Amino acid sequence: MKLSITLATSRRILAQLRHDHRTVGLLIGVPTLLMILLRYVIDNPVAFDRWAPMLLGVFPFIVMFIVTSVGTLRERTGGTLERLMTTPLGKLDLLLGYALAFGLLALVQVGVVTAISVTWLGLDLAGSMWSLVLVAVLDALLGMALGLFASAFARTEFQAVQFMPAFVLPQALLCGLVVPREQMASWLEWISAVLPLSYAVEAMRELSRGDEFTSTLARDLAIIIGCVIVSLMLGAATLRRRTA
């Protein structure tokens, strides 16, 4: 792995995204719109304070998964990846370049959504706002890493979008967002224990309770970071140059 190649890949992706207004709008506008809708659908400040921190991690996770899975597949089906592979660029260099580029976008995305939630929507945080932003960015990076991994198994952009129900919806149902994990049937709780989004939601819930850095929060952050690294490694191992 070469840092200069990784940075060059990130610059290329960011330059492409700068001219892709629809994708940028999806990355930043959609999570913001969803949070605004949540505030006025609930129309209860106390309930919003309880739900919003958790959804600040779930919304970027979903959006980043869709954008990165489709974007990586487009690189391959368009022949860009095959041309890049004739250069010193390695698979891990490519994925780390994507991770860095989308990581910067995730920071902007989460920053915009959090700022609007705290100011306009009146979100009252018990914990540190900067800690919340950090966890939300890690959640977005988790969605990005899983999206990069999932793209290796799709042959068309339509198939890449179809992976969202398989990769995302089961996690959204079992992560404790709808029903607390400890109240689920034991076999569902066991399944939720191996799903990374469960720990993303739990970390957000810990931050909403107070500003102390608890052992549960430390464990959740370690698991999220580990899942991001493993997903990137698996994505590099399964990435094909082109779609047959």
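Just so it is clear, the structure is predicted and the values come from calculations on it, not from any experiment.
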Looking at every heavy atom in both [X] and [Y], which two are closest together, and how far apart are they?
| X | Y | answer |
| --- | --- | --- |
| Met54 | Arg205 | SD-NH2, 3.3 Å |
| Pro53 | Leu132 | CB-CD1, 4.1 Å |
| Val228 | Ala145 | O-CB, 3.8 Å |
| Asp49 | Gly122 | OD1-O, 4.0 Å |
| Cys175 | Ser198 | CA-OG, 3.5 Å |
| Pro31 | Leu26 | CD-O, 3.5 Å |

The test is side chain to side chain contact (heavy atoms under 4.5 Å, CB included); show your working for Val58 and Asp139 and say whether it passes. CA-CA 7 Å; Val58 173; Asp139 294 346; over 6 Å; no

Interatomic spacing from [atom1] in [X] to [atom2] in [Y] - rounded to 0.5 Å:
| X | Y | atom1 | atom2 | value |
| --- | --- | --- | --- | --- |
| Ile42 | Trp51 | CD1 | CH2 | 7.5 Å |
| Cys227 | Leu232 | SG | CG | 11.0 Å |
| Thr32 | Gln109 | OG1 | CD | 7.5 Å |
| Leu7 | Arg11 | CG | CZ | 6.0 Å |
| Thr68 | Phe149 | OG1 | CZ | 13.0 Å |
| Leu141 | Leu146 | CG | CG | 11.0 Å |

Please step through side chain to side chain contact (heavy atoms under 4.5 Å, CB included) for the pair Leu55 and Leu177, ending with a clear verdict. CA-CA 8 Å; Leu55 292 175; Leu177 186 63; 3.6 Å; yes

Suppose we screen for side chain to side chain contact (heavy atoms under 4.5 Å, CB included). Which residues come up paired with Leu174, at least two apart in sequence or across chains?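 Only Met184, Leu188, Ile191, Ser192, Leu195 meet the side chain to side chain contact (heavy atoms under 4.5 Å, CB included) criterion with Leu174.
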
Is any side-chain heavy atom of Leu100 closer than 4.5 Å to one of Leu96?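 Side chain of Leu96 against side chain of Leu100, heavy atoms only: no contact under 4.5 Å found.
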
Check: Leu121 and Phe48 side chains under 4.5 Å, non-hydrogen atoms: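 Phe48 reaches Leu121 side chain to side chain.
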
Please report, to 0.1 Å, the donor-acceptor pairs under 3.5 Å made by any side chain of residues 161-173, with sequence neighbours excluded.
residue, atom, partner, partner atom, Å
Gln171, OE1, Leu197, N, 3.1
Gln171, NE2, Phe167, O, 2.7

Would [X] end up clustered with [Y] when hydrophobic side chains under 4.5 Å apart are linked, directly or stepwise?
| X | Y | result |
| --- | --- | --- |
| Leu33 | Val108 | no |
| Val179 | Met204 | no |
| Phe65 | Ile229 | yes |
| Leu34 | Tyr40 | yes |
| Leu207 | Trp130 | yes |

Keeping the roles fixed (side chain from Tyr199, backbone from Leu217), state whether a donor-acceptor pair exists under 3.5 Å.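 Not confirmed, Tyr199 side chain does not pair with Leu217 backbone.
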
With distance as the sole test, does Arg39 use its side chain to make a donor-acceptor pair with the main-chain N or O of Trp120 at under 3.5 Å?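 No, the answer is negative, given that no donor and acceptor are paired below the 3.5 Å cut-off.
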
Does the side chain of Glu206 come under 3.5 Å of the side chain of Thr216 through a donor N or O and an acceptor N or O?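 No donor-acceptor contact under 3.5 Å links the two side chains.
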
Going through the distances and angles, do Leu56 and Leu123 end up as a side chain to side chain contact (heavy atoms under 4.5 Å, CB included)? CA-CA 11 Å; Leu56 274 173; Leu123 175 62; 4.1 Å; yes

Please evaluate residues Leu138 and Leu221 with respect to the criterion side chain to side chain contact (heavy atoms under 4.5 Å, CB included), reporting the C-alpha separation (whole Å), side-chain torsions for both, the decisive distance (0.1 Å), and the verdict. CA-CA 8 Å; Leu138 288 176; Leu221 291 178; 3.7 Å; yes

